[in-house]
Amino acid sequence: MAIVQTQTTSFKAQLYQGIHDLTTDVIKIALYTANANLNEDTTVYSTTNEVANTGTYAAGGSQLTPITVSTSGYTAYVSFPNVSWTGAITARCALIYNVTQGNKSVAVLDFGSDKTSTTTFTVTMPVNGPTTSLI
């Protein structure tokens, strides 16, 4: 299976079509196992190879809020908050997706290897800035 960290191709096209509003739409993040096939071709959220329900993690993941869109010079960027779940969780990657727009994909996060927590699993987003943000 292929896991590739990327903004999905469909998301990039849909931005130009005015489909996504990251500041008002419901945006979620879901965790996946190493068996997931998430990459630039991922178009929508799926439960296939999603991390099993455990602790506070439930299918579909958690909402990312607040999300802000900022600019610096010629660059626009998005700030996503960190998100955590309690319980024993092992995940290899995550999918950010837009619930409001039919669960359309936004971005795939590749953790590089399985990450395991026995108490609290946290996805720490990069520093918010024009050269460090996810998108």
Side-chain angles (χ1 to χ4, degrees):
M1 297 289 151
I3 299 170
V4 177
Q5 180 153 318
T6 185
Q7 287 181 55
T8 60
T9 304
S10 59
F11 173 69
K12 293 174 190 176
Q14 292 159 3
L15 281 178
Y16 290 110
Q17 297 164 346
I19 292 173
H20 298 272
D21 184 339
L22 299 178
T23 60
T24 60
D25 291 350
V26 174
I27 309 299
K28 292 183 88 173
I29 184 169
L31 300 175
Y32 289 85
T33 69
N35 294 323
N37 187 22
L38 299 173
N39 54 52
E40 66 278 356
D41 295 328
T42 301
T43 57
V44 295
Y45 160 78
S46 168
T47 58
T48 303
N49 295 308
E50 187 173 5
V51 166
N53 292 352
T54 180
T56 59
Y57 187 86
S62 293
Q63 184 172 350
L64 292 170
T65 186
I67 296 173
T68 57
V69 177
S70 303
T71 60
S72 176
Y74 299 109
T75 305
Y77 54 95
V78 180
S79 173
F80 294 102
N82 297 339
V83 62
S84 296
W85 298 270
T86 57
I89 296 173
T90 297
R92 173 64 169 76
C93 61
L95 177 69
I96 297 174
Y97 66 100
N98 189 331
V99 174
T100 304
Q101 302 302 328
N103 293 331
K104 293 181 185 322
S105 66
V106 172
V108 176
L109 307 180
D110 181 356
F111 302 155
S113 62
D114 279 352
K115 303 299 179 191
T116 301
S117 174
T118 56
T119 56
T120 303
F121 190 97
T122 302
V123 176
T124 303
M125 298 299 180
V127 174
N128 186 30
T131 61
T132 55
S133 295
L134 288 175
I135 57 176

Would you check if there is a donor-acceptor pair between the side chains of Lys115 and Ser113 at a distance under 3.5 Å?
yes

Sequence neighbours left out, cut at 3.5 Å: what donor-acceptor pairs do the side chains of residues 125-135 make with other protein atoms?
unit_1: Asn128; atom_1: OD1; unit_2: Ser133; atom_2: OG; d: 3.1
unit_1: Thr132; atom_1: OG1; unit_2: Val127; atom_2: O; d: 2.5
unit_1: Thr132; atom_1: OG1; unit_2: Gly129; atom_2: N; d: 3.3
unit_1: Ser133; atom_1: OG; unit_2: Gly129; atom_2: N; d: 2.9
unit_1: Ser133; atom_1: OG; unit_2: Gly129; atom_2: O; d: 2.9

Is it true that a side-chain atom of Thr33 and a backbone atom of Asn35 form a donor plus acceptor pair closer than 3.5 Å?
yes

Would you say Phe80 and Tyr45 are hydrophobically clustered, going by side-chain heavy atoms of ILVMFWY under 4.5 Å?
no

Heavy atoms of Ala30 and Tyr57 approach each other most closely as CA-OH, 3.4 Å

How long is the span from the CD1 atom in Ile19 to the CG atom in Asn98, to the nearest 0.5 Å?
9.5 Å

If you take all heavy atoms of Asn37 and Ala2, which pair is closest and at what distance?
OD1-O, 3.2 Å

Between Ser117 and Thr119, does the side chain to side chain contact (heavy atoms under 4.5 Å, CB included) criterion hold? Intermediate values first, please.
CA-CA 6 Å; Ser117 174; Thr119 56; 4.1 Å; yes

Under a single-linkage definition using a 4.5 Å side-chain heavy-atom cutoff for Ile, Leu, Val, Met, Phe, Trp and Tyr, are Val108 and Val51 assigned to the same hydrophobic cluster?
no

Distance (rounded to the nearest 0.5 Å) between Ser105 OG and Glu40 CD:
10.5 Å

Among Asn82, Val83, Leu64, find the one that has a side-chain contact (heavy atoms from CB on, under 4.5 Å) with Val123.
Val83

Cluster link Ile27 to Tyr77, ILVMFWY, side chain under 4.5 Å
no

Gap between atom OG1 of Thr100 and atom NE2 of His20 - 0.5 Å precision
10.5 Å

Identify the two heavy atoms, one from Ala91 and one from Phe121, that lie closest to each other, and give their separation to 0.1 Å.
CB-CZ, 3.7 Å

Rounded to the nearest 0.5 Å, how far does OH of Tyr97 lie from OG1 of Thr8?
14.0 Å

Report whether Leu15 and Val69 are members of the same hydrophobic cluster (ILVMFWY, side-chain heavy atoms less than 4.5 Å apart, transitive linking).
yes

Just verifying a value: how many Å separate Ile89 CD1 and Thr120 OG1, rounded to the nearest 0.5 Å?
8.5 Å

Thr6 side chain vs Asn39 backbone, donor-acceptor pair below 3.5 Å:
no

Atom CG in Asn49, atom CG in Leu95: separation rounded to 0.5 Å?
12.5 Å

Give the minimum heavy-atom separation between Phe111 and Ala94, together with the two atoms involved.
CZ-CB, 3.9 Å

Closest non-hydrogen atom pair between Cys93 and Leu38, with its separation:
SG-CD1, 3.7 Å

Apply salt bridge (charged side-chain N to carboxylate O under 4.0 Å, His left out) to Asp110 and list each qualifying residue two or more places apart in sequence or on a separate chain.
Arg92

Please evaluate residues Trp85 and Leu31 with respect to the criterion side chain to side chain contact (heavy atoms under 4.5 Å, CB included), reporting the C-alpha separation (whole Å), side-chain torsions for both, the decisive distance (0.1 Å), and the verdict.
CA-CA 10 Å; Trp85 298 270; Leu31 300 175; 3.5 Å; yes

Is Val26 reachable from Val78 through a run of hydrophobic residues whose side-chain heavy atoms are each under 4.5 Å from the next?
no

